[in-house]
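The structure appears right after this line, and notes come after that.
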2 protein chains.
Amino acid sequence: MTTLSDIAKVAGVSSAVVSRIVNDDKTLRVSEETRQRVLKAVEELDYAPNIAARTLRSAKSGLIAMVVHDVTNPVYAEIMRGAQTAAGDNNRALLLFDASATEQSASRLVDIIGGSGIDGMIIQSAGGIPERVLARAARQKVPTVLLQADLDAEAHLICLPDEGASEIATNHLIELGHRQIGCLSTARDMTFSRRRLDGWKKAMAAAGIDHGAGQIVYCSSDMESGRTGCAQLLDANPELTAVVCFNVMAAVGAMKEIWSRNLDIPGDISVVAIHDVSFAEFLKAPLTTVAMPLFELGKRAVEIAIDGTRPKGTSTIDNAEPELIMRASTAGPKTAR
Amino acid sequence: MTTLSDIAKVAGVSSAVVSRIVNDDKTLRVSEETRQRVLKAVEELDYAPNIAARTLRSAKSGLIAMVVHDVTNPVYAEIMRGAQTAAGDNNRALLLFDASATEQSASRLVDIIGGSGIDGMIIQSAGGIPERVLARAARQKVPTVLLQADLDAEAHLICLPDEGASEIATNHLIELGHRQIGCLSTARDMTFSRRRLDGWKKAMAAAGIDHGAGQIVYCSSDMESGRTGCAQLLDANPELTAVVCFNVMAAVGAMKEIWSRNLDIPGDISVVAIHDVSFAEFLKAPLTTVAMPLFELGKRAVEIAIDGTRPKGTSTIDNAEPELIMRASTAGPKTAR
DNA sequence: GAGATTTGGTAATACGTTTTACCAATTATT
DNA sequence: AATAATTGGTAAAACGTATTACCAAATCTC
């Protein structure tokens, strides 16, 4: 490994000068020819600063930890891409943890936080994060940003435009002529579920449509959970002609349940989901979705994690709008035809 | 931050003892009561070793860099999950880089490699990796493992049981009665394409089926490329009753092309693909696939990256078999019905 | 030409670990 | 009782960087 003093020796200066040139220290006064000599040596000896030493000295590692609930989920993947991009732009690297492989990786994460190995932490994990991780981060004063989570006084919070997205989805069905619209929500205890539900209710109310409590069913954001949730919804409301699903993976499961009852999509039941995924268009019924600014969410998250000046609190992604992507899983209801 | 000497002070010993107790140094002889005193102080003061200092001293960071071609691709996601799990088991953390966000993240990666910030590197990126990353890793003697790539003398190599998987897929079609079977390969210059092609040819030959050169078309592993590749295949071979796709995402695109020609799957054309994904069962035609041991691939990759004793060379995942997952995109050909 | 300022740097220290070499006091051996 | 071996540790150096305080020589000011 080439070190600062190797360069210093070659260039005939002290290592302090080399360090200050490499780090572009504005307060350093040095002759142009010395600077060139150093830069040349840096180039020739292929110098790269030792990250551990730099971290030790400056207490800044350039690493940001990101905890994802399930790496495999394409919805989260898009968030990761956004975070990845922003990290690169800001000269940071992303440390990845999968919350579903909980125990070992959580322990490791706690170690890393405690060992001042990271500059910031981003958590996308609906509830899957052990308390001790958060507690440790708070104690260690690691800037933490929670994605779509509940308020934690110690952390930053970023939300998606959930209410708007849900309203768009619901209005789309209403405009097609539906009146019997079910709501397959995400987990009950998540605040984003609440916001999406508000959007759904708002749209329903604006159209003057009443609804029973049984028209709302909560489930998790995976296919299997969506399937059982949808079964519950259909059992309780046989008259339904449309469903808005608050999560696209749950929607995929819901569609399976609908088909298993020999119902047609969208012939008998229309389905619209929040979050777009690349394969939505290739499903048995190409799925109409409302795309969320997930890339932007990931990007914003690392920006906030990096920027120490921002006061803690909640912010919402507002520079990108949810967008309705119309495909073939929605159509007017039979009675309206 | 709590440091070794904080602990030492509280426990009334030297920091050397604390370090050696924390690291479970077998050569240390210490009285049981001292050990307990130290352990108690560690607990109470909430000590965690400073990673930077440890790295600086021992030149082992506990970090493994993983470069993924496209985080969003579910096929790669499964590899990541395997790697993530193995990393946790071995008390390492995974540093994630997305090759598609190439330039910034590549520069950052080179910096990190050069700065001795990582213990190993895993590259899953069909061609997307800048030369300088590999070169730097080699110069820095960072153990590098290439997934499904071409032989590089400096690196370890891990392959999937490609030939077997492809043979299984092709045999499945042959057993259904197909004789006119197209091959939608992955990229021409990849050795795994070659191996899969060998499997296809082997199955065809074993069944005594001749084929023309035009029955093989190469494309990339994404939906759009699969679509155009399939178009080419169908144009050149109108008599085809089945296609084996070497990549599942390409298969999804291929299906789109087939449908756009008003052909039915599997009525007119059967489709089978290599790699299983969670949504395969929910596609318009639930896709028959051959699942590959991707989790195992990721897992093995970090194990090899960690284990410095293993000689360089190629190894194949052989403790897990490709598995045919039959769904509804394959059936006997029309003429056979 | 004496004092003040600027130019172009340098020396030294701290960051927190790990590890090697060493040592005083106690216990065992003959 | 003298020597040897064991017990239970300690002291100090090194890893490579960033940064503060300092300084000699050159140049400027009047």
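Numbers restart at 1 for each chain; the letters A, B, ... are given by sequence-line order, proteins then strands.
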inquiry  = Whether the B:N23 and B:R54 side chains hold a donor-acceptor pair (N or O, under 3.5 Å, no angle test) is what I'd like checked.
reply    = yes
inquiry  = With a sphere of 6.0 Å drawn around CD of B:E32, does it hold more than 12 non-hydrogen atoms of other residues, nucleotides or ligands?
reply    = yes
query = If only atom types and distance count, is the side chain of A:S19 paired as donor or acceptor with the main-chain N or O of A:S15 below 3.5 Å?
reply = no
query = Nearest of D:dA13, D:dG8, D:dT17 to any side-chain atom of B:R57?
reply = D:dA13
note = The residue, B:R35 or B:A53, whose nearest nucleotide of DNA chain D is more 5′ is B:R35
request  = Send over the distance from B:I51 CD1 to C:dT17 P, rounded to a whole Å.
outcome  = 11 Å
note = Rounded to whole Å, the CG-P distance (A:N50 to C:dC15) equals 18 Å
inquiry  = Please report the distance, rounded to the nearest Å, between CE in B:M1 and C1' in C:dG16.
reply    = 7 Å
query = Between B:R81 and B:E78, does at least one N-O distance fall below 4.0 Å, as a salt bridge requires?
reply = yes
inquiry  = I need the CZ-P distance between A:R54 and C:dT17, as an integer number of Å.
reply    = 21 Å
task = Can you tell me the distance, in whole Å, between the CG atom of A:L56 and the C1' atom of C:dA14?
result = 9 Å
request  = Quick one: label A:V17 by what it contacts on the DNA or RNA (base, sugar-phosphate, nothing), any heavy atom closer than 4.0 Å.
outcome  = base
request  = Measure from CG on A:D6 to P on D:dG16 and round the result to the nearest Å.
outcome  = 8 Å
query = Please give, in whole Å, the distance from C:dC15 C1' to A:L4 CG?
reply = 15 Å
request  = With the side chain of A:S31 defined as its heavy atoms from C-beta on, choose the nearest nucleotide among D:dG16, C:dG9, C:dT19.
outcome  = C:dG9
inquiry  = Which residues in residues 18-29 of chain A have a heavy atom closer than 4.0 Å to any atom of DNA chain C?
reply    = A:R20, A:R29
query = According to a strict under-4.0 Å criterion, is A:S14 in side-chain N/O contact with OP1 or OP2 of C:dT10?
reply = yes
ask   = Could you state the CD-P distance from B:E32 to D:dG9, rounded to the nearest angstrom?
value = 11 Å
message = Enumerate the salt bridge (Lys or Arg N to Asp or Glu O under 4.0 Å) contacts for residues 295-309 of chain B, please, sequence neighbours excluded, ordered by first and then second residue.
response = B:K299-B:E303, B:R300-B:D318, B:D307-B:R310
inquiry  = Side chain of B:T34, heavy atoms from C-beta onward: which of C:dT18, D:dG9, D:dT17 has the nearest atom to it?
reply    = D:dG9
query = Yes or no on side-chain contact (heavy atoms from CB on, under 4.5 Å) for B:T314 and B:C159, after CA distance, side-chain angles and deciding distance?
reply = CA-CA 7 Å; B:T314 303; B:C159 296; 3.9 Å; yes
task = Please report the closest heavy-atom contact between B:I7 and B:V38, naming both atoms and the distance.
result = CG2-O, 4.2 Å
